[in-house]
Amino acid sequence: MGLPRIGVELGRFLDQTDGIAQSEQLFDLLSAFALNFDCPWIAYGPLAPAQKVLKPAQADSAIMLNYPNEWKERYFKMGYDKIDPIIKKSRKGVGAIRWSEVYKDASTTDNERRVLDEAATFGLKSGVTVPLHGPAGSFTIMSFAQPWDREFQNRTVTYLQLAALHFHVRVTKGTSSNALKQVQDLSLREKECILWIARGKSSWEIGKILGISGNTVNFHLKNAMRKLDTASRTVAAIKATSLGIVEV
């Protein structure tokens, strides 16, 4: 895409997001903008502090992603967030990070490279991640991924970073009251079911652990998903963990 058109598309994105408070609408607009750079997949969400400290929900605790469902489930089930080299690099870095650079970095271990290798088998073959550090130690990342292995041009990275920063500011302003409401709304049983989903258990296994039927587990999970505004139990578990509702 030529430089003039990129500027026009960024300007359109900024205009379209003006006055919008709904996180989902903002995410859809950012997704459409990212397609201009052949990035069909984006992911946005907060990360827990490196140390295991239970903290109240932050104002920027939204989590949104359109990654392939199979990869989301695999990533969370395997606990890849604990060894993901992109996350490790993002905690220490400032500015956008190319996945290819992290993969080639001498400090990246073979075990960490395995996360990126496996992501590629699910179609996420190259990407850029933007660390978004906030007040009170809050930390969020925005990733853009492509289905083929090629380098991102410098100006592409710059435009994606600008869009990510703008999106982050808009979402942060709009989610301050939502996060606390979600924490308060979940019942004890819903939290228990989500906790065991986060630990990789099936509905049948959770039922055995809690002494209830699998259908009852599914009922509680459905309610929790609705309250957390997610269509997947896996994403609900990720969101509940990031909000501090449950601690794995």
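Nothing fancy with the numbering, it's 1 onward along the sequence. All values derive from a computational prediction rather than experimental measurement. What's counted below: heavy atoms across the whole structure, side chains too, no hydrogens, waters or symmetry copies.
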Look up atom OG1 in T17 and atom CZ in R170, then write down how far apart they are to the nearest 0.5 Å.
-> 5.5 Å

Student check: side-chain heavy atoms of E190 and K227 closer than 4.5 Å = yes

Run the numbers on F33 and R12 for side chain to side chain contact (heavy atoms under 4.5 Å, CB included), then give the verdict.
-> CA-CA 9 Å; F33 176 73; R12 180 178 292 121; over 6 Å; no

NZ/K77 to CD1/I197 distance, rounded to the nearest 0.5 angstrom?
-> 11.0 Å

Are the side chains of L221 and I194 in touch, meaning some heavy atoms are under 4.5 Å apart?
-> yes

Nearest-0.5 Å distance, NE2 of residue H166 to CG of residue L14 | 5.0 Å

Is there a donor-acceptor pair under 3.5 Å between the side chain of T234 and the backbone N or O of E73?
-> no

Aromatic contact, F144 with F37 (centres under 6.0 Å) | no

Of all heavy-atom pairs between A96 and Q161, which one has the smallest distance, and what is that distance?
-> N-OE1, 2.8 Å

Please check if the side chain of T108 supplies one atom and the backbone of K104 the other of a donor-acceptor pair under 3.5 Å.
-> no

Do you see a donor-acceptor pair shorter than 3.5 Å between the side chains of Y159 and E9?
-> no

Could you grab the distance from atom CH2 of W204 to atom CG of N215, nearest 0.5 Å is fine?
-> 14.0 Å

Summary of salt bridge (charged side-chain N to carboxylate O under 4.0 Å, His left out) pairs that have at least one residue in residues 23-42, sequence neighbours excluded = D38-R150

Taking only residues two or more places apart in sequence or in another chain, which ones pass side chain to side chain donor-acceptor pair (under 3.5 Å) with S203?
-> N218, R233

In this structure, which one of L132, V128, V171 forms a side-chain contact (heavy atoms from CB on, under 4.5 Å) with M142?
-> L132

Any idea which heavy atoms bring G95 and P131 closest together, and the distance?
-> O-CD, 3.1 Å

More than 12 heavy atoms of other groups within 6.0 Å of F27 CZ | yes

Begin from the C-alpha positions of I86 and V115 and carry the test side chain to side chain contact (heavy atoms under 4.5 Å, CB included) through to its verdict.
-> CA-CA 9 Å; I86 304 299; V115 178; over 6 Å; no

Applied to residues 105-116, the salt bridge (charged side-chain N to carboxylate O under 4.0 Å, His left out) test, sequence neighbours excluded, yields K88-E112, K89-D105, D110-R113

According to the salt bridge (charged side-chain N to carboxylate O under 4.0 Å, His left out) rule, which pairs have a member within residues 202-211, sequence neighbours left out?
-> none

Give me the ring orientation class for W71 and Y80: parallel if the planes are under 30° apart, tilted from 30 to 60°, perpendicular past 60°.
-> tilted

Non-hydrogen atoms of L35 and P40 that approach each other most closely | CD2-CA, 3.7 Å

Starting at SG of C39, measure out to CG of L160 and round the result to the nearest 0.5 Å.
-> 5.5 Å

For N223 and H220, indicate whether the former's side chain and the latter's backbone hold a donor-acceptor pair under 3.5 Å.
-> no

Residues in side chain to side chain contact (heavy atoms under 4.5 Å, CB included) contact with L210, at least two apart in sequence or another chain | R189, E192, C193, W196, I206, I212

Is W41 close to P147 at the side-chain level, that is, under 4.5 Å between some pair of heavy atoms?
-> yes

Here the pair of heavy atoms bringing E151 nearest to S100 is OE2-OG, 3.0 Å

Report the C-alpha separation of L228 and L186 in whole Å, then their side-chain angles, then the decisive distance to 0.1 Å, and conclude whether the side chain to side chain contact (heavy atoms under 4.5 Å, CB included) test is met.
-> CA-CA 9 Å; L228 290 167; L186 260 67; 4.2 Å; yes

Measure the spacing between CZ of R98 and CZ of F152 and express it to the nearest 0.5 Å.
-> 8.5 Å

Identify whether M225 and M64 are in the same connected component of the hydrophobic contact network (ILVMFWY, side-chain heavy atoms under 4.5 Å).
-> no

Does the side chain of K72 come within less than 4.5 Å of N69's, by heavy atoms?
-> yes

How close do A237 and F76 get, heavy atom to heavy atom, and via which atoms?
-> CB-CE2, 3.7 Å

Got a donor-acceptor contact below 3.5 angstrom from the S143 side chain to the T129 backbone?
-> no

Can you name the residues that form a salt bridge (Lys or Arg N to Asp or Glu O under 4.0 Å) with R226, not counting sequence neighbours?
-> none

Which atom of Y75 lies closest to which atom of D84, heavy atoms considered = OH-OD2, 2.7 Å

Check the pair L29 / F167 against side chain to side chain contact (heavy atoms under 4.5 Å, CB included), numbers first and verdict last.
-> CA-CA 9 Å; L29 290 170; F167 174 85; over 6 Å; no

